[in-house]
J.: 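Have a look at this one before I ask anything.
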Amino acid sequence: MKVVIVGGVAGGATAAARIRRLDEHAQIVVFERSGYISYANCGLPYYIGGIIEDPEALTLQTPESFFSRFRVDMKVHHEVTAIHPDRKTVAVRNLETGREFEESYDKLLLSPGAKPAQPRLPGVGIDRLFTLRTVEDTFRIKEYINENHPQSAVLAGGGFISLELAENLRELGIDVTIVQRPKQLMNPFDPDMAAFIHSEVRSHGIRLALGHTVEGFEEKDGGVDVLLKGENPLHADMVVMAIGVTPDSHLAAEAGLEQGMKGSILVNDRMETSVPDIYAVGDAVQVKHYVTGQDALISLAGPANRQGRIAADNICGRDSRYPGSLGSSVIKVFDLTAASTGVNETNAAKAGLDTDSVILSPMNHAGYYPGGRLMTMKVVFEKETFRLLGAQIIGYDGVDKRIDVIAAAIRGGLKATELKELDLAYAPPYSSAKDPVNMAGFMIENIADGTLKQFHLPEIDTLPRDGSVTLLDVRTKIEYDCGHVDGFVNIPVDELREHLSEISKDKPVYVICQSGLRSYIACRILAGNGYDAYNFPGGFRFYDCVTHDHRLIQKSTECGMDQ
């Protein structure tokens, strides 16, 4: 059997190694357009920032090392220019010599990946305007910085690459502005959770221009003007386009393979395309979202690796299936760690799901052990069924651990209420006896059995201030005096029982504290005494961060720049 693979990196290189492990005698040829067959895409910004100093550390395998171990013929600087399914060949051009030839195959695997989105804007292609996708892109940016010592940079886009690059450029002392049409960074997060990311980014001197549309670029005064719709341009020494990626699927389309959303390659759960003996994996293919069952494009290394393995299994006669992707991800944002899995509330609503959520602020480990720090967790579930849909966590140590536990719980079919039953490892330096994941489960169980009733952020400013409801802040007086929600009166939770006579039982009571814990205790005291009480999850800490972020974004929209 002869297998030709188009593209290396996560999907193609993984498939090549798996095919060899399953079939010692298969002939395997990989054509890679760049000079690198397997490299760490996610590490590229950290090389630019000098965190990764050795460029060779970005290369996971070389053609020589891959051939030595797996006897796979890795041909770099070879571009496949056409696919001919009728005669089972691909047309190839050697980019070093210009020689063109055809290569036959019994099985063909496409792993072309995705390319940076390049909108047709005036000025695209000018000097000092970069994209970051390949090792070669990285070297160009690094070389430009070393030779020209830019003082300022504008990043167009607010996803993973943009945030990682922004951090690394800032660490080099470069002034950084991120401009983005949506009014938030990092779309895997709901806007309320993204507020914590925005706060961290701003605290390190990065300016945000959210809610602004880039209309083009102009060379000016030795730099680049980024032209914004309805606003003054942003000027910088360099600009990086990081507004997302699109499937690099033109070869498949030209060969007549069926396409999915945004021009992606359509595959089934065996990673088979619409043409026999042609498979496709990675960022170029359309998959199913594991939670919603809807079509999705998920450009992450983990799914690409698993798809490469599944395609290899099926090429070798096995029967492996790809069940869909949760889109689990994690990112370092300066001192913060931000992670998500499944769907957020925004996308769940778009999918037609009726959801609820809990927000909590647990410590990453036992409070009495030194060094504990808060994390903010948001767990999303379906209202009627309590099906676990997704989670977002932002904090410091231990964030990745908790998001992985919840991702496994979703994959295992656990209900949100069953998070309380997970038997998780505990020692004071690592967790609490009641792990944050368990705590989320306890809260959701309380909602399920009626012990806990909640009100959420969109409601808090619309609650009547005319006396028809009671608005209660149960923090200490010192905390209350340092900032509170207008209209909420202060009775500390430890004094609440002595002041019940001051609260009418004929009105619902809406309760807030700093994190949501003391207000829950207050709600139980009130409910035990005949009151109809509602708790605000996340507390004033959450409210203050989100509303402050909203004000800054509004100011950015009106004035053209976030301060």
J.: Going through the distances and angles, do Asp486 and Arg465 end up as a salt bridge (charged side-chain N to carboxylate O under 4.0 Å, His left out)?
T.: CA-CA 9 Å; Asp486 289 344; Arg465 265 66 172 177; over 6 Å; no
J.: Can Asp269 and Arg321 be counted as an ion pair, charged N to O under 4.0 angstrom?
T.: yes
J.: Using modelled atom types only, decide if a donor and an acceptor are shared between the side chain of Ser199 and the backbone of Ala195 within a distance under 3.5 Å.
T.: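 Side chain of Ser199 to backbone of Ala195, a donor-acceptor pair under 3.5 Å: no, none is there.
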J.: How about Glu498: does its CD atom have over 12 heavy atoms from other parts shown lying under 6.0 Å from it?
T.: yes
J.: Check the pair Val224 / His235 against side-chain contact (heavy atoms from CB on, under 4.5 Å), numbers first and verdict last.
T.: CA-CA 6 Å; Val224 182; His235 184 78; 5.9 Å; no
J.: Mind checking the NZ-CG spacing from Lys288 to Asp295? Nearest 0.5 Å is all I need.
T.: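 Rounded to the nearest 0.5 Å, the NZ-CG separation comes out at 3.5 Å.
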J.: Does Gln454 reach the side chain of Tyr534, with side-chain heavy atoms less than 4.5 Å apart?
T.: no
J.: Are Arg402 and Asp435 side-chain neighbours, meaning at least one heavy-atom pair lies under 4.5 Å?
T.: yes
J.: Between Arg202 and Asp549 (salt bridge meaning N to carboxylate O under 4.0 Å), is one present in this structure?
T.: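 Yes.
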J.: Going by heavy atoms in the side chains, are Phe160 and Met186 under 4.5 Å from each other?
T.: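 Sidechains of Met186 and Phe160: in contact.
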J.: Restricting to non-hydrogen atoms, name the atom on Pro303 and the atom on Ser325 that form the minimum distance, rounded to 0.1 Å.
T.: CG-OG, 3.6 Å
J.: Show your reasoning for whether salt bridge (charged side-chain N to carboxylate O under 4.0 Å, His left out) applies to Lys229 and Glu215.
T.: CA-CA 6 Å; Lys229 183 178 181 179; Glu215 291 197 320; 5.2 Å; no
J.: Would the distance check show the side chain of Asn305 and the main-chain N or O of Ala301 forming a donor-acceptor pair, the cut-off being under 3.5 Å?
T.: yes
J.: Using the six-membered ring of Phe386, assess whether NZ or CZ of Lys415 lies under 6.0 Å from its centre and within 45 degrees of the ring axis.
T.: no
J.: Could you check whether any side-chain N or O of Glu382 sits under 3.5 Å from a backbone N or O of Thr355, counting only pairs where one atom can act as donor and the other as acceptor?
T.: no
J.: Is there a salt bridge (charged side-chain N to carboxylate O under 4.0 Å, His left out) between Glu164 and Lys332? Walk through the geometry before answering.
T.: CA-CA 7 Å; Glu164 290 170 345; Lys332 176 182 178 295; over 6 Å; no
J.: Taking the side chain as everything from C-beta on, heavy atoms only, tell me whether Met377 gets closer than 4.5 Å to Ile359.
T.: no
J.: Please assess Cys545 against Phe196 for the test side-chain contact (heavy atoms from CB on, under 4.5 Å), listing each intermediate value before the final yes or no.
T.: CA-CA 7 Å; Cys545 180; Phe196 291 88; 3.7 Å; yes
J.: Start with the C-alpha gap between Glu459 and Thr462, add the side-chain angles, then the distance that decides, and say whether side chain to side chain donor-acceptor pair (under 3.5 Å) holds.
T.: CA-CA 5 Å; Glu459 304 169 63; Thr462 64; over 6 Å; no
J.: How long is the span from the CD atom in Glu418 to the CD1 atom in Ile444, to the nearest 0.5 Å?
T.: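 Output value for this atom pair is 11.0 Å.
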J.: Minimum heavy-atom separation for Ile394 and Ala338, please, with both atom names.
T.: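 Nearest pair, atom of Ile394 first, then Ala338: CG1-CB, 4.0 Å.
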J.: Is there a donor-acceptor contact under 3.5 Å from the side chain of Asp354 to the main chain of Lys383?
T.: no
J.: Are the side chain of Tyr531 and the backbone N or O of Asp506 linked by a donor-acceptor pair below 3.5 Å?
T.: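 Judged by distance alone, no pair lies under 3.5 Å.
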J.: Could you give the distance from CG (Leu517) to OG (Ser361), rounded to the nearest 0.5 Å?
T.: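 These two atoms lie 10.0 Å from each other.
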J.: If we ignore hydrogens and angles and just use 3.5 Å, is the side chain of Glu479 paired with the main-chain N or O of Thr476 as donor and acceptor?
T.: yes
J.: Begin with the C-alpha distance, continue with both residues' side-chain angles, and end with the deciding distance and a verdict on side-chain contact (heavy atoms from CB on, under 4.5 Å) for Leu496 and Asp494.
T.: CA-CA 6 Å; Leu496 181 59; Asp494 293 337; over 6 Å; no
J.: Using side chain to side chain donor-acceptor pair (under 3.5 Å), reason through Ser519 and Arg524 one step at a time and then give a plain yes or no.
T.: CA-CA 9 Å; Ser519 53; Arg524 294 311 305 149; over 6 Å; no
J.: Roughly how far, to the nearest 0.5 Å, is CG of Asp461 from CG of Leu457?
T.: 7.5 Å
J.: Does Val214 form a side-chain contact (heavy atoms from CB on, under 4.5 Å) with Arg181? I'd like the steps, not just the answer.
T.: CA-CA 8 Å; Val214 175; Arg181 180 167 56 187; over 6 Å; no
J.: Is a salt bridge present between Lys505 and Asp532, judged by a nitrogen-to-oxygen distance below 4.0 Å?
T.: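 Salt bridge: no.
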J.: Closest heavy-atom contact between Ile52 and Tyr47?
T.: O-CD1, 3.2 Å
J.: Nearest 0.5 angstrom please: Phe217 CZ to Leu121 CG, how far?
T.: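 Between atom CZ of Phe217 and atom CG of Leu121 there are 6.0 Å.
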J.: Do the side chains of Asn446 and Tyr520 get nearer than 4.5 Å, heavy atoms only?
T.: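 In short, these two side chains touch, coming nearer than 4.5 Å.
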J.: Which word best sums up how the rings of Phe455 and Tyr510 line up, parallel for under 30°, tilted for 30 to 60°, or perpendicular for over 60°?
T.: perpendicular
J.: Please round to the nearest 0.5 Å and tell me the distance separating atom SG of Cys513 and atom CZ of Arg541.
T.: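 The distance works out to 11.5 Å.
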J.: Looking at Asp449, I want to see if its CG is surrounded by more than 12 non-hydrogen atoms of other residues, nucleotides or ligands under 6.0 Å.
T.: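 Atom CG in Asp449 is crowded, with more than 12 foreign heavy atoms closer than 6.0 Å.
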J.: Can you name the closest pair of heavy atoms from Leu388 and Leu414 and give their distance?
T.: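 For Leu388 and Leu414, the tightest heavy-atom pair comes out as CB-O, 3.5 Å.
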J.: Tell me if a side-chain donor or acceptor on Arg387 pairs with a main-chain N or O of Ile410 at a distance below 3.5 Å.
T.: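 No, Arg387 side chain to Ile410 backbone: no donor-acceptor pair under 3.5 Å.
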J.: Just checking His484 against Tyr480, ring centres under 6.0 Å apart?
T.: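 They qualify: ring centres under 6.0 Å apart.
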J.: Do Asp283 and Lys115 meet the salt-bridge criterion of a basic N to acidic O distance under 4.0 Å?
T.: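 Asp283 and Lys115: not salt-bridged.
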J.: Does a donor on one side chain sit under 3.5 Å from an acceptor on the other, for Gln151 and Asp175?
T.: no
J.: Short question: side chain of Asn364, backbone of Arg373 - any donor-acceptor pair under 3.5 Å?
T.: yes
J.: Are any non-hydrogen side-chain atoms of His550 and Lys183 less than 4.5 angstrom apart?
T.: no
J.: Is there a side-chain contact between Pro537 and His456, using heavy atoms and a 4.5 Å cut-off?
T.: yes
J.: Would you kindly check if the NZ (Lys) or CZ (Arg) of Arg475 is within the cone defined by 45 degrees around the ring axis of Phe540 and under 6.0 Å from the six-membered ring centre?
T.: yes
J.: Check His204 against Arg170 and note the closest heavy-atom contact, atom names and distance.
T.: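 Scanning both residues, the minimum pair turns out to be O-NE, 2.9 Å.
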J.: Salt bridge between Lys378 and Asp192, side-chain N to carboxylate O under 4.0 Å?
T.: yes
J.: Measure across His365 and Tyr430 and return the closest heavy-atom pair with its distance rounded to 0.1 Å.
T.: CB-C, 3.5 Å
J.: Is the backbone of Gln184 close enough, under 3.5 Å, to the side chain of Gln180 for a donor and an acceptor to pair up by distance?
T.: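 Flag set: sc Gln180 to bb Gln184 pair under 3.5 Å.
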J.: Which is it for Asp190 and Gln392 under the side chain to side chain donor-acceptor pair (under 3.5 Å) test, yes or no, and what are the steps along the way?
T.: CA-CA 8 Å; Asp190 284 314; Gln392 303 150 63; 3.0 Å; yes
J.: Do Leu155 and Val179 touch side chain to side chain, with heavy atoms closer than 4.5 Å?
T.: no
J.: Okay, side chain of Gln514, backbone of Gly539: is any donor-acceptor separation there less than 3.5 Å?
T.: no
